[in-house]
Amino acid sequence: MTTSRIIPPATATAPGKIILVGEHAVVYGRPAIAAPVRQVRATATVSQRNGTGVLLVAPQIGLSGQLVHLPDDHPLARVTRLTLDELGLDDPNWQIQLTSTIPIAGGLGSGAAVNAALVRALFAYASGLVNDATVSRLVYAGEQLHHGTPSGIDNTVIAYGEPVWFIKDAALERFTPGARITLVIGDSGIPAPTRETVAAVRAGWEADPLRYEGWFDAIARIARQAKNALEAGNAAALGRLFDENQTYLARLGVSSPKLELLLAAARHAGALGAKLSGGGRGGNVIALVDEDAAAPVSEALLAAGAARVIVTNI
Ligand code: MEV
């Protein structure tokens with residue numbers, strides 16, 4: 001008589017993320033600062049299935065398909081295959097269920113978070129141990145499909161789950177803010193795939209490299225000053241740096257009238273500074289606030305047309 005062991009399902013989650021300063025310039029080797037956002041998250045559950053092979057189910061993107069039938073340039077398929085390879089498995093009879101509360105194409109790292117949850121749940125179900133660096137590396141392979149030339153900041157901050165000072169291809173540096181800072185995140189409700197904004201900035205850079213390199217250098221200086229302000233717990237200085245970073249993002253062509261409207265509303269309601277976060281054009285804005293200004297700034301963002309707001313602390 002043979003007995004088969006029933007393995008209980010394994011579930012893992014991963015947070016969203018915001019870029020505090022330095023998006024886009026980070027693709028060109030400049031430093032940037034990012035932090036996890038735990039109010040939104042992606043969840044993956046792996047369980048045994050009766051059918052043959054891996055079945056991927058992600059209702060929010062209308063996906064229910066067998067791994068063997070998914071093309072290799074599908075980010076979820078790519079990350080699943082790479083993770084199974086790492087575990088020494090081929091195509092086990094497993095179901096992977098994926099859900100997320102992170103808006104898709106909203107600049108909050110939805111793709112990287114879903115893939116991070118996926119990697120962790122696969123390792124957990126296979127009873128394997130996985131470290132943050134491995135999660136980050138596997139998720140990066142999916143990011144390359146999501147948006148071509150990723151800096152690696154999204155997979156890094158989401159895999160490590162803590163604030164990071166990030167420079168492409170350099171050793172990761174964590175840092176500790178000197179005081180708790182409060183941010184209001186406002187969703188413009190306009191989806192803006194990072195692939196498109198990264199490509200638009202690249203086209204501008206190719207057409208006028210000197211001008212763009214100058215802007216990237218200015219953003220790098222802002223990122224260094226922002227790190228100092230964060231470490232010193234100087235929210236007022238950090239707020240001014242948000243505003244300054246935003247002027248360069250507008251020059252790079254990744255702001256939009258709706259984003260500028262939201263930023264103006266947040267500043268008018270008492271934010272210390274505000275900027276877009278992530279790829280831009282749509283997606284999210286972030287407003288730095290004193291704790292007691294979180295409510296009026298949230299209300300102002302909603303009144304100006306934000307689809308939703310999230311208050312988070314770092
Ligand atoms: C996206 O969250 C941040 C960008 O700088 C792209 C990247 O770093 O890969 C726009």
Side-chain angles (χ1 to χ4, degrees), residues 14-37 40 42 75 79 100 102-116 136-161 163-170 172-173 183 185-188 190-205 212-213 215-220 222-223 226 242 245-246 248-256 259 275-286 310 312 314:
K17 71 97 208 343
I18 44 172
I19 310 273
L20 293 180
V21 284
E23 53 272 270
H24 287 293
V26 71
V27 175
Y28 299 81
R30 279 29 170 226
I33 302 173
V37 177
V40 285
V79 174
S100 171
I102 309 172
I104 294 169
L108 295 182
S110 60
V114 168
N115 279 323
S136 183
R137 175 170 53 76
L138 290 166
V139 173
Y140 183 74
E143 290 292 285
Q144 286 175 306
L145 296 175
H146 272 300
H147 62 89
T149 54
S151 63
I153 192 168
D154 286 14
N155 48 285
T156 302
V157 65
I158 285 169
Y160 286 82
V164 294
W165 167 257
F166 180 88
I167 303 172
K168 192 173 154 185
D169 301 328
L172 176 67
E173 233 186 89
L183 294 160
I185 304 171
D187 184 353
S188 70
I190 302 169
T194 308
R195 168 182 284 281
E196 287 168 21
T197 53
V198 168
V201 171
R202 184 162 298 277
W205 175 73
Y212 274 65
E213 287 293 328
W215 289 338
F216 295 151
D217 284 341
I219 294 172
I222 292 167
F242 272 25
N245 193 167
Q246 175 61 26
Y248 286 100
L249 289 164
R251 286 179 214 186
L252 292 175
V254 294
S255 193
S256 72
L259 293 180
K275 61 183 280 293
L276 68 85
S277 178
R281 295 253 167 105
N284 281 272
V285 298
I286 53 172
I310 299 167
T312 192
I314 292 162

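One-based numbering, in listed order, for ligands and for the atoms of each. For reference, positions follow the sequence shown, starting with 1.
Residue contacts with ligand 1: D154 is placed with a nitrogen or oxygen under 3.5 Å of a nitrogen or oxygen of the ligand (distance criterion only).
Distance from atom 7 (C) of ligand 1 to its nearest protein heavy atom, with residue and atom name: S151 OG, 3.4 Å. Looking from atom 5 (O) of ligand 1 to the surrounding protein, the closest heavy atom is H24 N, 2.8 Å.
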Exercise. Evaluate side chain to side chain donor-acceptor pair (under 3.5 Å) for N284 paired with S277, printing each intermediate quantity in order.
Key: CA-CA 6 Å; N284 281 272; S277 178; over 6 Å; no
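Ligand 1 has K17 within reach: a non-hydrogen atom of the residue lies less than 4.0 Å from it.
With S151 contributing its side chain and V27 its backbone, the two residues share no donor-acceptor pair below 3.5 Å. When atom types are taken as modelled, the side chain of K168 and the backbone of P150 share no donor-acceptor pair closer than 3.5 angstrom. Between the side chain of K17 and the main chain of G107, a donor-acceptor pair closer than 3.5 Å is present.
The pair E23-R30 does not meet the salt-bridge criterion, since no charged nitrogen lies less than 4.0 angstrom from a carboxylate oxygen.
Ligand-side atoms of ligand 1 in range of V26: 5 (O), 8 (O), range being under 4.0 angstrom from any heavy atom. For ligand 1, the atoms lying closer than 4.0 Å to a non-hydrogen atom of E23 are 5 (O). The contact set between ligand 1 and V27, taken as ligand atoms under 4.0 Å from a residue heavy atom, comprises 5 (O), 6 (C), 7 (C), 8 (O), 9 (O). Here is the list of ligand 1 atoms found below 4.0 Å of a heavy atom in P150: 9 (O). For ligand 1, the atoms lying closer than 4.0 Å to a non-hydrogen atom of I153 are 8 (O).
The two atoms that bring P193 and A105 nearest to each other are N-CB, 4.0 Å, heavy atoms only.
Remark: R251 qualifies as a cation-pi partner of Y248 under the 6.0 Å distance and 45° angle criteria applied to the six-membered ring.
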